[in-house]
Amino acid sequence: MAQGDSNAQRYSAIYAVIRAIPRGKVMTYGQVAELASIPRGHRMVATALRNSDPTMKLPWQRVVAKRDRLRARIAIVDDRGAMRQRRLLQKEGVRFERDGSIRLHLFAWIPPDA
DNA sequence: CAGGTGACTCTTT
DNA sequence: GAAAGAGCCACCT
């Protein structure tokens, strides 16, 4: 992706990256942005997800917020949404720590070509 | 044009 | 390790 690309193109790239995350794996907002060739685009990834609708059939639950070097967390503020995401992830094998964090070295997806 | 806002992230207290 | 500040960028008032 280049600098002058339209936002529509960037959103498409973002959705494509998210769709490529395999079951049982997660990716941080920043990682998604970077892979979609949008440096510092983590905010845009959040916007893209917020504006997405169910008909896209995106594995939105696999996008998580980076917490520190080793752990990630669910970004949704709303408790219902957060629990829903957590349940979906657990159903596909992602394990949560007692403090609600996800260990990245276990569940972060490292794309083969990156 | 001028703020305010967020499903973000990093640094500094 | 919590809290605060700053940087970020598309969107909406």
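Values in this document were obtained by computation on a predicted structure and should not be read as measured data. Residue numbers start from 1 in every chain, and the chains themselves are labelled A, B, ... in the order their sequence lines are given, proteins ahead of strands.
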Colleague: Provide, to the nearest angstrom, the distance between the CZ atom belonging to A/Arg73 and the P atom belonging to C/dA2.
Modeller: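 Atom-to-atom, A/Arg73 to C/dA2, this comes out as 12 Å.
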Colleague: I need the A/Leu104 CG to A/Gln31 CD distance, nearest 0.5 Å.
Modeller: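 Those atoms lie 7.5 Å apart.
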Colleague: Looking at side-chain heavy atoms only, is the closest gap between A/Glu34 and A/Pro39 below 4.5 Å?
Modeller: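 Not touching, per the 4.5 Å side-chain cut-off.
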Colleague: Rounded to the nearest Å, what distance is computed from the CE atom of residue A/Met27 to the C1' atom of nucleotide B/dT9?
Modeller: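 The answer, rounded to whole Å, is 17 Å.
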Colleague: Would you say that more than 12 heavy atoms from the other residues, nucleotides or ligands in this model lie under 6.0 Å from the CZ of A/Arg95, or not?
Modeller: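 12 or below, so no.
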Colleague: Select one nucleotide: of C/dA10, C/dG1, C/dG7, the one nearest the side-chain heavy atoms of A/Arg71.
Modeller: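 Selected nucleotide (nearest to the side chain): C/dG1.
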Colleague: Closest approach to the side chain of A/Asn7, judged atom by atom: which nucleotide of C/dC8, B/dT9, C/dA10 is it?
Modeller: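 For the A/Asn7 side chain, the nearest candidate turns out to be C/dA10.
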Colleague: Side chain to side chain contact (heavy atoms under 4.5 Å, CB included) for A/Asn7 and A/Met44? Distances and angles first, verdict last.
Modeller: CA-CA 9 Å; A/Asn7 288 321; A/Met44 222 184 135; 3.8 Å; yes
Colleague: Scan residues 87-107 of chain A against DNA chain C and write down, sorted by residue number, each residue with any heavy atom closer than 4.0 Å; if none is found, say none.
Modeller: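 By residue number: none to list.
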Colleague: Flag yes if A/Met56 and A/Val17 sit in one hydrophobic cluster, no otherwise; membership is Ile, Leu, Val, Met, Phe, Trp, Tyr, and two members link when side-chain heavy atoms are under 4.5 Å apart.
Modeller: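 Yes: a chain of side-chain contacts under 4.5 Å links A/Met56 to A/Val17.
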Colleague: Which whole number of Å gives the distance between the P atom of B/dA7 and that of C/dG7?
Modeller: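 Taking atom P in both B/dA7 and C/dG7, they lie 22 Å apart.
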Colleague: Indicate, yes or no, whether a donor-acceptor pair under 3.5 Å links the base of C/dC8 to the side chain of A/Arg40.
Modeller: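 Not at all, since no donor on one side and acceptor on the other fall under 3.5 Å apart.
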Colleague: When you group the ILVMFWY residues by side-chain heavy-atom contacts below 4.5 Å and let the links chain together, are A/Leu88 and A/Ile74 in the same group?
Modeller: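 A/Ile74 and A/Leu88: one cluster.
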Colleague: Would a hydrophobic clustering, with Ile, Leu, Val, Met, Phe, Trp and Tyr connected at side-chain separations under 4.5 Å, put A/Phe96 with A/Val77?
Modeller: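 Looking at the clustering, A/Val77 is in a separate group from A/Phe96.
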Colleague: Going by the side-chain hydrogen bond (donor to acceptor under 3.5 Å, both in side chains) test, which pairs reach into residues 81-94 of chain A, not counting sequence neighbours?
Modeller: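 Listed by first then second residue: A/Gln61-A/Glu92, A/Arg62-A/Glu92.
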Colleague: Rounded to the nearest Å, what distance is computed from the CE atom of residue A/Met44 to the C1' atom of nucleotide C/dC11?
Modeller: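 Between C1' of C/dC11 and CE of A/Met44: 11 Å.
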Colleague: Please report the distance, rounded to the nearest Å, between CD1 in A/Ile14 and C1' in C/dC9.
Modeller: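 It is 11 Å, rounded to the nearest whole Å.
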Colleague: Within the structure, does a side-chain N or O atom of A/Tyr29 lie under 4.0 Å from either OP1 or OP2 of C/dC9?
Modeller: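 For A/Tyr29, the contact criterion (side-chain N or O under 4.0 Å from OP1 or OP2 of C/dC9) is not met.
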Colleague: What is the distance, rounded to the nearest whole Å, between atom CZ of A/Arg43 and atom P of C/dC11?
Modeller: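 Answer to the nearest Å: 14 Å.
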Colleague: Nearest heavy atom decides the nucleotide; on that basis, is A/Tyr11 or A/His42 closer to the 5' end of DNA chain C?
Modeller: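 With A/Tyr11 and A/His42 compared, the 5'-side residue is A/His42.
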Colleague: Quick one: pull up OG in A/Ser101 and CG in A/Asp68 and give me the separation to the nearest 0.5 Å.
Modeller: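 These two atoms lie 8.0 Å from each other.
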Colleague: For DNA chain B, which residues of residues 45-70 of chain A approach it to below 4.0 angstrom with any heavy atom?
Modeller: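 A/Ala46, A/Leu49, A/Arg50, A/Trp60, A/Ala65, A/Lys66 - these, ordered by number, are the residues of the stretch whose heavy atoms sit under 4.0 Å from the strand.
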Colleague: Between B/dA7, C/dA10, C/dG7, which nucleotide has the shortest distance from any of its atoms to the side chain of A/Arg10?
Modeller: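 Closest of the options to the side chain of A/Arg10: C/dA10.
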Colleague: Whole Å only: how far is the CG atom of A/Asp78 from the C1' atom of B/dA7?
Modeller: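 So the two atoms are 10 Å apart, to the nearest Å.
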